[in-house]
Each structure stands twice: as structure tokens, then as C-alpha cells.
Protein chains: 2
Amino acid sequence: MELTERKKKVLRSVVDLYIRTAEPVGSKAITELPDMKYSSATIRNEMAELTTMGYLEQPHTSAGRIPSAAGYRLYVDELMLDYRLSMDETKSISSAIEEKMQRVDKMMEKVAKLVSQATDLPAISVASRHGNAAVKRFDLIQAGENSVILVVMLSNDEVVNKLIKLPVNVSEADIKILSALLNATMAEIPLEEYTPELLDRVMRSAGAAAALVPVIVDFTTETLRRQGTANMAVAGQMRLLGQPEYRDVDKAQRLLTSLDEEALSNLPAVMQNANGTKVLVGPENVASELKDTSVVMTKFDIGDGMQGMIGVVGPTRMDYAKVTARLSCFAESLSKMFAKPEQQQLPAPDKEA
Amino acid sequence: MELTERKKKVLRSVVDLYIRTAEPVGSKAITELPDMKYSSATIRNEMAELTTMGYLEQPHTSAGRIPSAAGYRLYVDELMLDYRLSMDETKSISSAIEEKMQRVDKMMEKVAKLVSQATDLPAISVASRHGNAAVKRFDLIQAGENSVILVVMLSNDEVVNKLIKLPVNVSEADIKILSALLNATMAEIPLEEYTPELLDRVMRSAGAAAALVPVIVDFTTETLRRQGTANMAVAGQMRLLGQPEYRDVDKAQRLLTSLDEEALSNLPAVMQNANGTKVLVGPENVASELKDTSVVMTKFDIGDGMQGMIGVVGPTRMDYAKVTARLSCFAESLSKMFAKPEQQQLPAPDKEA
DNA sequence: CTTTAGCACTCGTTTCACCTGAGTGCTAAG
DNA sequence: CTTAGCACTCAGGTGAAACGAGTGCTAAAG
């Protein structure tokens with residue numbers, strides 16, 4: 001059977017309407033659309049054929065039609081009209097990002113929150129590093145009586161620190177020596193090369209400050225290990241409850257609890273090769289919890305060997321056009337933000353004293 | 001009217017049962033309890049009196065009774081039998097805490113998650129500092145080409161850092177000078193004394209490294225300001241959906257969205273003077289969103305001028321005995337953890353990019 | 001050959017009356 | 001003071017009937 005232009009138009013209308021109303025769409029509703037110059041009977045015939053073609057479904061004989069998974073697929077791939085963000089929307093998204101990004105360690109959380117807010121759906125945001133992190137340099141600062149601050153700068157220019165309190169006093173000179181030793185032996189090498197032998201050697205060469213070594217090594221190892229793992233945040237879960245398909249509390253709860261968990265951790269994998277924005281409709285999802293849920297995701301660049309992803313989860317009946325548009329806008333703003341590293345550091349033409 | 005022992009016993013039974021079943025409790029159900037040697041008629045009389053005394057309510061004439069707010073109040077204050085945590089429970093709580101507390105900057109989140117898990121209710125966890133924070137010392141580390149790492153140690157021994165990239169090169173000597181200058185002028189004073197005049201003076205004395213000053217000041221100011229504000233986390237919101245009183249999605253959503261927000265930010269205030277565990281029953285809550293919700297909270301000590309609070313939110317019909325027991329156990333474990341003078345636990349590593 | 005008006009039919013939803021049963025308050029006897 | 005008994009109340013469940021949105025099919029019109 002042929003998928004004529006008119007069929008496409010009807011299908012698009014059905015999906016659009018269903019997205020708006022969350023209720024089966026009847027032939028009459030379609031005819032009332034502007035630009036639909038056919039009678040309900042004609043539409044009915046078209047809808048019947050779209051049904052046999054598998055793009056629409058009928059919950060029961062005397063109800064309207066709803067899009068099938070295949071219908072949604074076709075819709076997002078070919079039919080849906082681009083949603084044009086208004087200037088206002090674009091502005092408010094990018095300014096929201098700029099504004100909220102002071103603290104990078106809570107960044108993913110903030111991003112997720114913002115995305116969720118903009119789409120009115122639960123959102124996830126993931127930052128993962130590819131490539132191996134290493135320590136670029138160690139610094140030790142004597143900080144009062146018997147405290148030392150360890151400052152570790154990583155290969156991606158991230159800096160972490162730890163205050164170490166000592167049981168005994170260590171002289172400034174000892175610390176200088178240890179610092180040099182650390183930089184000579186443990187910097188610029190990947191985590192795998194932190195072998196017991198190496199550590200043993202460092203320990204023995206450390207002299208007076210040897211007590212510090214285990215703490216330093218532990219902290220460094222832990223930090224590097226953490227660098228490898230993805231950093232993910234979920235926000236706005238309860239927005240799901242606003243969706244009529246989740247009036248059923250049990251259903252909502254099932255999905256919501258799985259949103260917290262690992263179910264999502266393989267989503268980034270899907271994005272690995274794909275570019276731009278990707279839409280997973282219902283059953284296309286691998287995770288069984290998401291079987292009747294759609295996911296829209298976009299990648300963005302962070303640089304420094306990191307890659308980010310933002311996405312939202314919602315009912316298969318979601319406003320794909322709007323959501324993809326908003327996500328893309330976010331991704332763009334984020335990429336832009338990370339592309340200009342200077343901006344962030346340089347003196348902002350001061351706000352207040 | 002006298003509140004006899006028997007009345008108390010009946011009231012306790014009603015609350016206990018209602019907590020278990022979430023349904024109005026009838027006189028017959030009470031008589032079926034072991035240890036209740038009266039007929040249903042007697043119980044009915046007692047219940048009638050408890051109703052006129054305001055401890056019980058009747059949803060409608062032909063239904064059983066449910067506890068009123070006053071009833072709950074009396075229950076938690078006098079009637080409820082202590083819930084004894086099994087050894088297993090205690091152990092699993094404290095070991096969960098020990099295990100999860102490596103990263104202190106995400107601590108509140110983890111605590112909230114653990115508490116929520118243990119009580120099967122949404123949980124909040126807040127850490128707030130009282131007393132004014134100040135900078136104990138500044139350090140600047142030259143880190144390669146034109147980067148400088150700023151390390152700031154606060155009066156409570158927390159250490160934060162920031163990588164600053166410069167447009168121009170600054171010599172090691174300049175940095176030394178600036179560092180000394182900062183320590184001389186801006187350390188050991190509260191945030192309020194960061195007046196425009198002071199900053200102006202620093203700026204002028206800074207010489208070659210003057211470009212750095214605004215960045216440093218901004219960062220420091222922001223950090224100190226953040227020290228003053230409470231740090232709060234919410235977890236397990238969706239557990240609320242498991243409670244029968246929130247089968248109504250709208251109701252659930254209303255509460256859940258308010259859980260995210262500031263509604264809770266005045267909860268810590270309630271704890272300010274109180275000690276031990278505090279229970280707020282329904283209308284006793286100030287925030288209107290929580291009017292038919294109960295909150296159970298406990299303080300714990302962090303030391304270093306910080307104070308923590310954990311709490312859960314749930315339907316007025318919640319298992320107060322169990323919840324308070326669990327919360328207390330948590331609080332104790334946490335206090336113990338922070339009291340430990342071991343160096344591993346003390347410092348608060350903070351990471352910034 | 002396509003479109004449309006008309007019509008009988010389907011089937012989920014709503015409405016309403018009725019019944020049921022848990023629970024009550026009261027009274028009178030133990 | 002306690003309890004058995006009884007009439008009464010009322011939320012919730014059940015089922016029949018009416019409703020109406022939407023369909024598929026047919027036959028006439030374009």
C-alpha cells in the first residue's frame with residue numbers, strides 16, 4: 001500500500017493531536033483542523049488504511065486512533081514540523097545556563113534541573129570522560145601546626161585537594177622533598193602503573209614524611225578512579241506525574257524508581273556513535289522499564305576528553321518537536337560555554353563589590 | 001473527662017492499627033487484639049469518649065475512627081512503645097554510613113538517600129554552619145605556563161581551590177608577593193569586612209599580579225557566602241507514592257514538588273533549640289504544603305561549627321516508633337563518625353575545575 | 001475513480017437505583 | 001460498670017439502562 005502525501009498529513013495530524021490531548025483521535029477531530037479539506041468519511045478511510053499499515057492503533061472498535069510505535073518513529077523521522085524556539089526561549093535557556101554554572105562540581109545536577117524545567121519532563125544529564133586521566137602535578141602546602149594540604153592537578157586541568165592532619169610534625173624541607181618525589185615518580189602516568197612496587201619505592205624514598213604517603217596515594221587513586229566513571233544526575237522526576245499516562249500511581253512509581261537507578265546508565269552508550277539528537281520510541285528502548293516510554297537525548301562537547309549528554313524521559317506521547325528543539329538548544333549553549341574556557345576564568349566586569 | 005489508662009490503651013491500639021492498615025479502625029478490630037478483654041460495646045463507648053475529647057475522628061457516621069492530629073500528638077509523646085532496632089538493623093545502618101562517606105562533598109545526598117532507604121519515606125538531610133566563616137590562609141601555586149592554582153583554607157579547615165588561567169604570564173615572584181598580600185589583608189576577617197575600600201587597596205598593592213585579584217576575590221566571596229548557607233539534600237521522594245494516602249496523583253505531585261523547594265528550608269529552624277528527635281504532626285507544620293503531612297527530624301553533631309539534621313516526611317499516619325528509632329540510630333552513627341578524630345574522616349575535600 | 005452523506009453498529013463511559021455490610025449509638029438487662 | 005441486642009447510617013459495590021463518540025460500509029454524487 002502506498003503512503004501517499006495525504007496519508008502522511010493525516011498521520012501527522014493524528015500524532016500532533018494525540019500529543020496535545022492524550023486521547024484517541026477521531027476522524028471528526030481531524031476534519032476540524034484548518035487545512036483539512038476532506039470529510040470525516042474520507043479521513044476515516046485513510047485512517048483505516050494507516051491502521052492496517054501499522055502506523056495507528058485502535059484501543060477498541062468504537063474509539064479513535066492512537067499512534068503506534070512505528071507511527072511515532074515515522075513522525076519523528078519525517079513528519080514532524082520543526083519547532084522554532086522563540087528568541088525568548090533561546091535566550092532564557094542560554095542565560096539560565098550561564099548563570100548557574102559557577103560551581104562545576106554540581107554542574108550536572110544543575111543542567112538536569114534546567115533541562116527538566118524547560119521540557120517539563122524528567123531529565124538526565126551525564127558527563128563521562130573518555131581517555132585516561134593522570135596526575136599532572138602534585139603540590140603540598142604546609143598549613144599550620146601539623147597539617148598539610150595536598151593539591152593535585154589532573155591532566156584535564158581539574159584540581160582537587162585534601163587536608164591531611166598529621167600525628168607528628170613534618171618540616172617544611174621534608175615536604176618539599178616529598179613533593180618533588182611525587183612529581184618525579186607518580187605524575188604523568190596512568191592509574192594502572194600505580195603498582196605496589198612503585199608505591200613501595202616511593203614509600204622508602206619518602207624519608208621523614210613517609211607517614212603521608214599512604215594517605216596521598218589513597219586519595220590520588222580514588223580521585224583517578226572517579227575520573228573514569230560517569231557522573232550522572234537526574235532531576236524533575238515528579239514532573240512525570242503531570243502526564244496523564246501516569247495517573248496510575250503504580251505505573252508512575254515503577255518508572256520513577258527505575259529512573260533513580262542504573263537503568264539509565266546504558267543510555268550514554270546508545271549515544272556513543274550517534275550524533276545530534278536521538279529519539280528512542282517506547283519498545284526501541286533496551287531497558288525493559290522504559291518499554292512504554294520515550295527517551296530523547298543529545299550529546300554535547302565538554303572538551304578535555306570529556307563528553308556530555310542530556311536527555312529527557314517521558315511518555316511515548318510526548319511533544320517530540322518541542323523537546324528535541326529545546327534539547328538541541330541546551331546542547332548548543334553548553335558546548336558554547338565549554339568552548340570558551342577563558343570567559344569563565346577572566347574577571348567578569350564586576351557585578352558588585 | 002478523665003483520660004483513663006484504658007482509654008490510653010484503646011487510643012494506642014487505634015493508632016497502631018491505623019498505622020498498619022491505613023483504614024478507619026472499628027471497635028470490633030480492637031476487641032480482636034490480644035490483651036483486650038472487653039466487648040466491642042465497651043470499646044465503642046471508650047472510642048466515643050475519645051472522639052469527644054478530640055483524640056479520634058470519624059470520617060462519617062458508619063465508619064471506624066482515625067486518629068486526629070491531637071491523637072497522634074499524644075501517641076508520639078506518651079503512648080507509643082519504643083521500637084527496638086534489631087542488632088542487624090543497627091549494624092546495617094552504621095555500616096552503610098561508614099561505607100558511603102568517602103566523599104564528603106556529596107555527603108548530604110548520600111545520607112538523605114540512606115535515611116530514605118531505611119525508612120521507606122522521602123528524607124531530607126541538611127548541614128548548616130553556624131558562626132561566621134573566614135579564610136584561614138591563601139596559597140597560590142604556579143601551575144605551568146600561565147595558570148595559577150588558588151588554594152583557600154577556611155577557618156573550619158575546609159579547603160577549596162580554583163584553577164585560574166591568565167591571559168598573561170605572571171612571574172613566580174609576583175605570585176609570592178600577591179600571596180603574602182592576601183594573607184596579610186584578607187585572611188582571618190569575616191566576609192563583611194571585604195569592603196570596596198579594602199579590595200581597592202589590595203588591588204593597588206598587588207602590582208604585576210593585579211589581574212588575578214578580582215578573580216580571587218570573587219571566588220573567595222562566593223565560597224564564604226556559600227559557607228553561610230545551608231547545604232541540603234532530598235532523596236527518595238517517590239517513596240511517597242507507595243503510601244496509600246498518595247494514590248491521588250495530584251495530591252502526591254503537589255507535595256512532591258514542594259519537597260524540592262524551599263518549603264523545607266525553614267525546617268532546620270525548628271530544630272534550632274530542640275534537642276533529640278522532634279515530631280511535627282500535620283497541622284503543626286508551618287509550611288502550608290505540609291499541613292497534612294508529618295515530619296520527623298533529628299539533629300546530629302558535625303563539629304567545626306557545623307550542625308546537621310536528618311528528617312523524613314510522610315503521611316500523618318506513619319510508623320512514628322519505627323521512624324524515630326531509625327532516625328536516632330542514624331543520628332548517633334553520624335555523630336560518632338564525625339567525632340572520630342581520625343584524619344581520614346576529618347577533611348572536606350572539595351573539587352573545582 | 002474519488003469523495004461524501006447516511007446509517008446501523010460497537011463498545012466504553014456515565015448515571016442511577018438498589019443492595020450490602022461494616023460500624024455506630026442507644027437501651028436495657030446482667 | 002459491662003455487655004448483648006437492635007435499629008440506624010452511609011460508603012462502596014453491583015448491574016441495568018441510557019449515552020455518545022467513533023467506526024465501517026454502502027450507495028449516491030462529483
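The figures here come from the full heavy-atom set of this structure, side chains too, leaving out hydrogens, waters and symmetry mates. Every chain is numbered from 1, with letters handed out A, B, ... down the list of sequences.
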Distances under 3.5 Å only, N/O to N/O: pair up the protein atoms with those of nucleotides 27-30 of chain D.
none

Requested in this report: Quickly work out the A:Q58 CD to C:dG12 P distance and round it to whole Å.
Outcome: 11 Å
Requested in this report: Rounded to the nearest angstrom, tell me the gap between atom CD in A:E23 and atom P in D:dG20.
Outcome: 17 Å
Report summary line: To the nearest angstrom, the CD1-P distance between A:I30 and D:dA21 comes to 16 Å
Requested in this report: Provide, to the nearest angstrom, the distance between the CD1 atom belonging to B:I43 and the P atom belonging to C:dA22.
Outcome: 19 Å
**Report entry** Contact list for residues 58-67 of chain B, test side-chain hydrogen bond (donor to acceptor under 3.5 Å, both in side chains), sequence neighbours left out
**Finding:** B:T51-B:R65
Requested in this report: Mark yes when over 12 heavy atoms from residues, nucleotides or ligands other than A:K91 sit less than 6.0 Å from its NZ; otherwise mark no.
Outcome: no
Query raised in the report: In a check of side chain to side chain contact (heavy atoms under 4.5 Å, CB included) between A:S125 and each of A:L114, A:I310, A:V115, which one passes?
Result: A:I310
**Report entry** Side-chain donor-acceptor pair present, B:T316, B:S294, cut-off under 3.5 Å
**Finding:** no
Query raised in the report: Is the number of heavy atoms from other residues, nucleotides or ligands within 6.0 Å of CG (A:D82) greater than 12?
Result: no
Requested in this report: May I ask you to check whether over 12 heavy atoms, not counting those of A:E32, lie within 6.0 Å of atom CD?
Outcome: yes
Query raised in the report: Would one find more than 12 heavy atoms of other residues, nucleotides or ligands at under 6.0 Å from atom NZ of B:K28?
Result: no
Query raised in the report: Checking salt bridge (charged side-chain N to carboxylate O under 4.0 Å, His left out) for the pair B:D16/B:R12: CA distance, chi angles, key distance, verdict?
Result: CA-CA 6 Å; B:D16 279 341; B:R12 170 164 51 236; 5.0 Å; no
Query raised in the report: For A:R6, does the CZ atom sit with more than 12 other heavy atoms under 6.0 Å from it, leaving out its own atoms?
Result: yes
Query raised in the report: Touch check for A:S27, heavy atoms < 4.0 angstrom, all strands: base, sugar-phosphate only, or nothing?
Result: sugar-phosphate
Query raised in the report: Between C:dG25 atom P and B:L56 atom CG, what is the distance in whole Å?
Result: 11 Å
Report task. Measure the distance from CD on B:E49 to P on D:dT2 and round it to the nearest whole Å. Result -> 11 Å
Query raised in the report: Rounded to whole angstroms, how far apart are CE on B:M47 and C1' on C:dA22?
Result: 12 Å
Query raised in the report: How far apart are the C-alpha atoms of A:R20 and A:Y18, what are their side-chain angles, what is the distance that settles it, and do they pass the side-chain contact (heavy atoms from CB on, under 4.5 Å) test?
Result: CA-CA 5 Å; A:R20 275 233 316 276; A:Y18 185 61; over 6 Å; no
Query raised in the report: Looking just at side-chain N and O atoms, do B:E89 and B:Y83 make a donor-acceptor pair shorter than 3.5 Å?
Result: yes
Report task. Report the C-alpha distance between B:R247 and A:D250 in whole Å, list the side-chain angles of each, state the deciding distance to 0.1 Å, and finish with yes or no for side-chain contact (heavy atoms from CB on, under 4.5 Å). Result -> CA-CA 9 Å; B:R247 310 290 317 184; A:D250 293 331; 3.4 Å; yes
Query raised in the report: Which heavy-atom pair separates A:S13 from A:M36 by the least distance, and what is that distance?
Result: OG-CE, 3.5 Å
**Report entry** Stepwise side-chain contact (heavy atoms from CB on, under 4.5 Å) test for B:E245 and B:L240
**Finding:** CA-CA 9 Å; B:E245 22 273 287; B:L240 210 59; over 6 Å; no
Polar-atom pairs under 3.5 Å, protein N or O versus N or O of nucleotides 3-6 of chain D: list them with distances, or write none.
| unit_1 | atom_1 | unit_2 | atom_2 | d |
| --- | --- | --- | --- | --- |
| D:dT3 | OP2 | B:S39 | N | 3.1 |
| D:dT3 | OP2 | B:T42 | OG1 | 2.8 |
| D:dG5 | O6 | B:R44 | NH2 | 3.3 |

Query raised in the report: For A:Q253 and B:M238, which heavy atoms make the closest approach, and how far apart are they?
Result: NE2-O, 3.7 Å
**Report entry** Any residue of residues 5-21 of chain A with a heavy atom less than 4.0 Å from an atom of DNA chain D
**Finding:** none
Report summary line: Taken to the nearest whole Å, CD/A:E46 to C1'/D:dG24 is 15 Å
Report task. May I have the step-by-step check of side-chain contact (heavy atoms from CB on, under 4.5 Å) for B:N285 and B:D292, ending in yes or no? Result -> CA-CA 9 Å; B:N285 276 297; B:D292 44 26; over 6 Å; no
For nucleotides 14-16 of chain D, list the nitrogen or oxygen atoms of the protein found under 3.5 Å from its nitrogen or oxygen atoms, one pair per line.
none

Review item, nucleotides 7-10 of chain D N/O atoms under 3.5 Å of protein N/O:
| unit_1 | atom_1 | unit_2 | atom_2 | d |
| --- | --- | --- | --- | --- |
| D:dT9 | O3' | B:T61 | OG1 | 3.3 |
| D:dC10 | OP1 | B:T61 | OG1 | 3.2 |
| D:dC10 | O5' | B:T61 | OG1 | 3.4 |
| D:dC10 | O4' | B:S62 | OG | 3.2 |
| D:dC10 | O2 | B:S62 | OG | 3.2 |

